[in-house]
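Every chain is numbered from 1, with letters handed out A, B, ... down the list of sequences.
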Amino acid sequence: MSRSVRVLSRALTAALLLALAAAAAANGPTGPGTGGWAGVSACRFAVPPDFPPTGLRWAGGCRDGLAEGRGVLRAYAGGRLVRAFYGRLEAGRLATGVVEVPDAGFIAGRFDPASGRPRDDGLEDDGARRNALIAAFDEASAAARELSQAFARTGNAASAQHYARKAEQLARQLD
Amino acid sequence: MSEIQASVGRGGVNRPEDVALVQRLLLARGFGAVGDADGVCGAKTLAAIVAYQRGFLREPDGRIDPGGRSWRHLSAGYTGVVTQAEGTSTASPTLRPPAEPTGSLTRPLPRPDPSSINIGLNPVNNAYMLAKFGEPLTNGGYTAQCQPPTNPRLRRNLVLDTVGPFRVTGLVPAVISLKQVMADIRVEQPKVYAALGTAGMLCCRLVRGSTTSISNHSWGTAIDLTVDGVLDVYGDGRVQFALTLIAPIFARHGWFWGAAFRTEDGMHFEASRDLVDRWARELA
């Protein structure tokens, strides 16, 4: 292969890689364990593990085009709520809070941004481990309460009541 | 809970009704080698009785007598929950409990009747624990956050150790007892064993929503469990399937299941009064 062909080949390869990177950036940061990205372009979030890829709604803050701060991420399928996360997102990913798995229970704690699953902090001290869970449920309860208040402001009494009860349920989970 | 009317097993009277009851209980505890609950005490049933007895008898004798130790173990805390086999009627007396857990371990079941669990066990309360072990925080100051105990007697009797699938910090005799519980769960319910985790044992703090009551976790004699990383929902009147399978194992080691609390707490197991009483006498 001549030198000019090699240079052209390298340039084309570089251009292709740049294009792929641009496409990935347009869809949001990537990472293992996530099911892609969802949400409106001004407020994207990573689809958490075991959440359906569609029917997702984030009720919370946004920053720099990504979901950020305290809120509730709800996933619907067939008109039913199939998963919910109550707590904090950071740069569009689960950070601290509680995933509600209907007909199973709660998955709580701090979440690994790469996998979207509860991270193993290696906390062997029971007090520290439990304090992390307490903090997660506190965040979750606060998120549910804020959503309840938002529904109340829009006159949706039924939803306001539902999330108020959810806030109480999350607050009392841990002894 | 039905009672056997006569002995079952090696050299026993082996009334078919009694044998079938023992077979159902063995199947409910994961001893699938029994085969069918057919009321016939054959080699498989005898072998299953011996295997079950190995969990608590140094020399299994393959026999279960009414009111005897083996019967008390086998019948303790049995919820009576069985899975209906396809094509059978709920009125059928020959329903066979699953030999192995089938389906999701976290699927919710109705909370068992409190009178059918923790049989022979009494729960503790704050006053009882304070009398036996004293204040975990000698100067008070309990908050909603976990703190390490400052009570010198408690502190010198705490240990961080592995109890099978996870590590916990708790009162030494409680941790030792948990090791025995987990060893039995590993044998009798291996699928559940592999799925178990903990939401914590020792935690000195106030009970949720209270300004005066201390959590039973404060003395390192209570533990909350997860199944496949999932916490059972507090107070919804339902408990995860896996917890119903291991509650009888906890019960025969003297641990009280929180599913029986006025507000159901299915993830919670704590030392019963008898255990606490014994440990308090043993502690230095």
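- One distance of note links CZ of B:Arg208 with CD1 of A:Ile134; it measures 10.0 Å at 0.5 Å rounding.
- For the atom pair A:Gln173 CD and B:Asp236 CG, the distance stands at 8.5 Å (nearest 0.5 Å).
- The pair B:Asp224-A:Arg130 meets the salt-bridge criterion, since a charged nitrogen lies less than 4.0 angstrom from a carboxylate oxygen.
- The candidate with the highest count of non-hydrogen atom pairs below 4.5 Å against chain B, out of A:Asn131, A:Val98, A:Ile107, is A:Asn131.
- A salt bridge is defined here as a Lys NZ or Arg NE, NH1 or NH2 lying under 4.0 Å from an Asp or Glu carboxylate O, and A:Asp103 with B:Arg238 meets this definition.
- Taken from CZ in B:Arg205 to CG in A:Leu174, the straight-line distance is 6.5 Å, to the nearest 0.5 Å.
- The CG atom of B:Leu231 sits 5.0 Å away from the CZ atom of A:Phe137 when rounded to the nearest 0.5 Å.
- In this structure, the portion of B:Ala144 lying under 4.5 Å from any heavy atom of chain A is its backbone and not its side chain.
- Residue contact with chain B, scored on non-hydrogen atoms closer than 4.5 Å, involves the side chain of A:Gln169 exclusively.
- With a 4.5 Å cut-off on side-chain heavy atoms, B:Val233 and A:Phe106 count as touching.
- Contact of B:Thr198 with chain A is made through backbone and side chain together, with heavy-atom distances under 4.5 Å.
- Heavy atoms closer than 4.5 Å to chain A are found in both the backbone and the side chain of B:Gln145.
- Residue B:Pro148 does not touch chain A at all, counting heavy-atom pairs closer than 4.5 Å.
- Rounding to the nearest 0.5 Å places CZ of A:Arg129 at 11.0 Å from CG of B:Leu202.
- To the nearest 0.5 angstrom, A:Asp126 atom CG is 8.5 Å from B:Cys203 atom SG.
- In the displayed structure, A:Arg80 atom CZ is contacted under 6.0 Å by at most 12 heavy atoms of other residues, nucleotides or ligands.
- Shown here for B:Val207 and A:Asp175, the closest heavy-atom pair between the two residues is CA-OD1, 3.5 Å.
- Around atom CZ of A:Arg63, no more than 12 heavy atoms belonging to other residues, nucleotides or ligands sit under 6.0 Å away.
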